[in-house]
Amino acid sequence: MFSFQLFSQLLVSGIVIGSSYALLSVSFGVIYATTRIFHFAHAIAYTVASYASVTALAKAGLPLWLALMVGLVVAVALGILIELAAYRPMRRRGASTLALFLTSLGLTIAGSNLIQIVFGPENKPLPGFPMKTFAVGAVTFTNLHLLTVIVSWVCIFGVVVFLKKTKYGKATRAAQSNQQMAMAVGIEMDGVSLLVFMLGSVLVGVSALLFTLGGVASPNMGLSPILIGFIGVFLGDRERFRRSARRLRARSGYLVVRSVAEW
Amino acid sequence: MDYLADVGITILIYIILGVSLNLLLGYAGQVSMAHAVFYGIGAYTAGLLTLPVLEAAEGAAARGVTSGLGWNWLPALLIAVAVPLVFAFIIAIPAVVSVTGEYLILLTLAFQVVVNQLMNSLTTVTGGPYGLTPIPPFSLFGHELSSPPQALGFFVVAALLAVFVTWRIGESPFGRLLKGIREDEIAVRALGKNTLIVKVTVFGVAAAIAGMAGALASYYYQFIAPGNYSLDLSIFVVAVVVLGGAGNLIGTILGAIVLGSLTPLLQNIAWIGSSNSIPWQGVIYGVGLVIIMRFRPQGILPEGLSPRWFKHAARSASAELTGAAPGSWSLGVDYPDSAETCASGDEGDEGEDVVRISGLARNFGGLRAVDGVDMALRRGRITALIGPNGAGKTTIFNMVTGELKPDSGQVWFRGTDVVGEKPHKLARFGIVRSFQDVRVFQQLSALENVAMAVPGQPGENLVRLGLQPRRTRRAERETRAKAHAYLDFVGMSEKADELVVNLSFGEQKLVAIARLLATEGDVLLLDEPTSGIDANSVNQVIDLILRLCRFGKTVCIVEHSVHVVDKLADHVYFLDHGAVIEEGTMKDLTSRPHLVEVYFGT
Amino acid sequence: MLAMTGQGSFFGKVMSRGAQLAAKQIKENGGPEFVITIADHESGLVPPAVTGVRRLITQNKIKTLQTSYGAPSEAIIPLVQDNKVLTFNGGGSSPGQLSKDYLWMTRMLFAYDPTDGALTWLAKNQPNVKKLAVVGTNENGVEVWKEKAPRIWPQLSGGSIVATEIHDVGATDFAAVIARVKAAGADAVFTVSFGDDLGYMVKQFREANYEGPIVGIEFTDQAAKVAGATYDTYVFATDYFDVESKNPFTAQFVEAHIAEYGEPPEYYGSNYYEQVFVIWELMRRVIANGGDPQDSAQLQQALIDKPEFYSVYGGDEGTVGTMSFDLNDHSISKPMGVFGVKGGKPYLLAPIKKVSASDDPASALLG
């Protein structure tokens with residue numbers, strides 16, 4: 001039996017969750033496309049962003065917006081740290097994709113356990129978001145949902161514009177399509193890698209904070225979002241991240257498929 | 001005692017999973033993140049077959065306990081080996097056809113996550129999150145053998161079997177193909193080998209062995225639950241293989257022992273085994289993984305390296321395989337000792353057009369790389385393609401050998417249009433090629449490089465490898481003898497056992513020629529056979545090519561060196577912008593002023 | 001054998017604290033020294049559970065075991081029976097663990113036992129509720145959403161079940177579940193979900209402007225943190241552990257727990273706390289009869305001879321609460337109640353009791 005109300009509610013929910021999945025996929029994809037690293041430890045950046053905000057809010061007593069900024073900064077710092085301390089030296093030694101992947105997995109396993117040791121296994125909420133519900137007919141959504149959709153797509157389009165229009169973005173895209181060639185024309189691969197790790201970590205931080213505003217931080221919270229990011233990249237575009245237009249189309253398709261599937 | 005046996009069983013399970021994954025990951029270079037799922041499929045198959053048959057009413061009681069078929073464990077084990085095999089084929093065929101390298105990681109990762117989720121949610125089949133229980137334990141002659149020391153025996157036998165099977169496969173001609181695929185799949189295809197079947201087969205074998213482990217584990221634990229087959233286990237098995245050393249089975253065994261005893265060891269150390277420190281075990285495992293990848297990415301025992309006693313055994317085994325003493329190898333064909341020119345060999349005999357190309361064309365984007373080319377390659381004659389870079393010479397080779405599909409045009413081979421055939425088919429017809437960038441298998445010895453090219457090896461077929469061990473062993477002796485002879489022919493027999501990566505570029509080119517000859521192909525397409533090598537080697541290569549042509553091979557070269565073309569070619573096609581501009585003998589062409597100006601220069 | 005790592009490590013933490021506190025108190029008061037060794041089943045995995053319990057039996061020579069979770073506890077049943085290890089489960093009690101020699105539940109049967117009382121309370125207090133939606137998982141409480149709720153709800157209310165929604169364990173997004181429940185026009189939601197999922201579910205139902213009652217069968221502080229203020233609209237029926245209880249046994253427990261760990265105990269920790277006292281009591285009884293307190297068979301016999309024990313549940317000022325094991329199926333009868341939530345803390349609405357399938361479900365509601 002077709003219910004228009006159900007369909008539209010599922011469509012709206014699908015768009016919300018699909019947007020956050022898209023953001024996760026892009027945050028993962030921007031790193032993967034350039035460095036070819038399966039950056040599983042992205043899960044730790046996700047978790048750490050949430051814990052940093054929670055701590056800044058609860059322990060340091062910062063206002064919510066500032067606590068969120070702290071979360072982003074910490075996520076970026078962790079991304080940079082992992083790139084500089086773990087991946088870069090390994091790349092210099094010509095490590096294989098698999099070796100880098102396992103390194104990333106090792107960091108993830110160690111990281112989530114360390115978080116549990118430091119913060120304990122309890123849930124940590126990030127209170128203070130002024131939650132409101134809107135109703136259009138029988139279809140409801142919250143201001144956090146709206147924020148999630150808007151922020152996600154602003155971030156995604158921001159990345160696309162960044163890659164297309166800025167000098168650094170162009171260097172990144174060149175590195176994505178052909179590393180040797182990019183190096184030949186004087187693009188610093190190390191610099192580009194660092195850039196995409198910063199970019200990806202900001203995005204995953206945003207994604208984590210949007211989640212935590214409506215939920216809680218916990219030590220293993222990063223694992224399933226990152227798997228979604230992996231699969232999103234795989235579905236989105238198997239060849240080249242630079243064909244962003246195609247990616248976006250694939251994303252939108254994904255949203256609709258998801259809503260229909262749930263219905 | 002029970003506890004030690006239990007830890008032993010855990011390690012043996014890791015060994016079985018590790019060696020089977022190593023075949024896939026270490027030998028064939030195909031990274032699978034779904035090994036745990038195949039292990040699980042084996043377990044569920046065995047569980048569903050051996051669980052007792054329940055009456056409907058009884059089954060409906062307590063939360064819908066799943067009813068089984070009540071089989072004995074042994075026949076169930078056989079089915080549990082077969083079912084993952086089928087699943088592996090289903091997943092592997094699309095995976096290895098359309099997906100290469102790193103995307104295989106993503107695809108298998110997705111498969112792992114999805115199937116593991118299904119184990120949770122398909123409650124009517126899998127029993128859901130609570131899984132299946134109680135699976136009947138091992139039994140012999142009506143006696144249940146459920147204690148760990150009793151079960152240990154079964155796992156020892158199974159692990160020995162798994163190690164033997166993977167070792168046998170890994171060291172066979174099939175294993176050689178796996179390594180070739182890992183090194184350079186296109187080059188393997190160009191030798192006339194169907195890499196697709198090889199890849200799908202090895203996927204299946206690895207899954208089947210994992211399935212066996214899954215079934216045995218289900219008899220031991222008497223319990224199957226989805227959490228046992230999670231991504232964590234897949235990661236763990238990959239870690240076992242990589243830690244031990246990819247491509248090294250002894251290394252995998254060591255890796256399984258080290259990682260498998262890590263947790264029990266940590267648990268038995270007082271300060272770290274206490275309850276507050278349990279998360280530290282995860283930290284140690286994770287950090288350990290990072291440190292090993294950073295400082296010893298090749299693993300404990302890298303490929304080719306083994307403890308001395310094992311090396312000794314391996315050497316005597318390979319001596320047995322090689323058999324005959326050096327000097328007694330024969331090609332079975334008589335190549336002329338030397339030749340000045342090729343055409344003079346068969347005077348009067350015009351030779352047939354072995355390959356005829358007509359109207360061949362191919363676009364790349366908007367670029368017309370090859371634009372309606374007609375040409376003929378004649379037996380007993382050396383044909384050369386010359387022209388500036390980007391004229392389309394290599395693209396023609398790629399189309400004739402099937403690596404690229406032409407947009408239009410035909411390639412006639414002995415009167416049949418072969419356009420659209422797969423590369424390995426064309427190579428088997430006899431159209432074989434060398435590559436500009438040699439594409440030898442770097443981590444294999446010169447001998448293995450050449451041996452891989454020998455056609456019709458029974459040991460490349462796993463069924464025959466299993467059923468006709470003697471025959472395949474004999475054939476392998478012959479293959480190696482042939483490979484030695486080809487290496488001898490190109491003057492490389494001294495370096496037969498050297499890894500190719502350690503040879504000079506010129507030597508690598510000679511190995512590549514030996515490899516090409518070993519395919520027994522009649523039409524040799526040589527892409528810049530003398531580029532990048534010293535003058536001495538150039539003359540050696542020229543001499544070789546002449547002798548081959550004299551013997552009756554149809555030779556076509558792409559060459560930039562006027563000197564080489566002048567010495568070799570009987571017929572020259574001059575290409576520019578994808579089209580043949582001139583053809584004739586080198587003498588004809590050098591007499592044409594406009595060509596001299598743009599190409600031969602001064 | 002607890003969940004010390006993985007998703008459920010919170011439970012492992014509070015359960016181990018409860019047991020260790022009890023051991024400490026017993027020793028300080030001149031009792032025997034209980035050596036507590038913990039094995040980790042990594043939040044529900046079978047192989048580490050089996051290996052871990054083998055290690056406890058052969059290396060640590062344990063005589064008694066406190067286990068948790070459903071699947072790993074079912075998997076170790078043959079082990080504890082063969083080695084005669086008296087085992088208590090105060091966490092994931094499931095029907096598959098009933099009537100097993102050497103295994104005793106110190107917690108109500110998850111979801112199954114309080115369902116009669118919960119639905120009776122709903123039918124009596126909200127007579128307008130007819131169309132009920134049931135939400136659950138495939139992991140726990142399956143028999144409730146499959147069989148019990150559809151059987152008794154029409155008897156109790158004359159209404160019907162209009163939607164049965166199953167979600168993954170560990171879900172944080174309930175948009176689709178909520179959309180379908182709303183589309184089915186359900187007047188109320190009855191859920192047998194558990195853990196943090198419950199917090200996300202209640203919060204998201206309220207954020208989607210769903211106004212009907214939501215009745216569940218579990219309360220944890222963890223889920224309350226997730227749901228925040230929306231949890232005050234939640235009602236649940238369970239053998240809830242009341243920190244405010246005046247039961248003297250409970251009062252000293254809460255005080256000691258705060259002194260030791262800086263925070264009051266909660267539901268799961270208290271189960272593992274009182275289990276240690278049950279074991280001590282059994283040892284004393286065996287010693288009193290001149291038996292060997294290290295012999296689990298004698299300990300179990302002592303339990304069967306008199307299955308009543310002091311409990312931190314129930315009781316009141318001046319009266320220590322008691323609980324008693326069912327000798328047929330090895331389950332427990334503890335005081336249960338229907339609770340509301342105020343300011344994130346539960347308060348009693350009405351006491352309920354366990355009823356058997358042949359009894360009138362409505363008799364579960366007391367007072």
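Please read all numbers here as calculations on a predicted model, not as lab measurements.
A pairwise comparison of heavy atoms in A/Gln9 and C/Ala179 identifies CG-CB, 3.4 Å as the closest pair. Summarising the geometry of C/Thr172 relative to A/Phe211, their closest heavy-atom pair is OG1-CE1, 3.6 Å, with the distance given to 0.1 Å.
Using modelled atom types, one finds no donor on one side chain facing an acceptor on the other under 3.5 Å when comparing C/Glu207 with A/Thr142.
When the shell of 6.0 Å around CD of C/Glu260 is examined, it contains more than 12 heavy atoms from other residues, nucleotides or ligands. More than 12 heavy atoms of other shown residues, nucleotides or ligands fall within 6.0 angstrom of atom NZ in C/Lys130. Within 6.0 Å of atom CD in C/Glu244, 12 or fewer heavy atoms from other residues, nucleotides or ligands are found, so the atom counts as exposed in its surroundings.
Among residue pairs with one or both ends in residues 207-227 of chain A, those qualifying as side-chain hydrogen bond (donor to acceptor under 3.5 Å, both in side chains) are A/Ser50-A/Thr212; sequence neighbours excluded.
In this structure, the side chain of A/Gln116 engages the main chain of C/Met4 through a donor-acceptor pair within 3.5 Å.
Contacts of C/Ser9 with chain A are made by both backbone and side-chain atoms, with heavy-atom separations under 4.5 Å. Using a 4.5 Å cut-off between heavy atoms, C/Lys13 touches chain A through its side chain atoms alone.
Within residues 121-141 of chain A, the residues having any heavy atom under 4.5 Å from a heavy atom of chain C are, by residue number, A/Pro121, A/Glu122, A/Asn123, A/Pro125, A/Met131, A/Thr133, A/Ala135, A/Ala138, A/Thr140.
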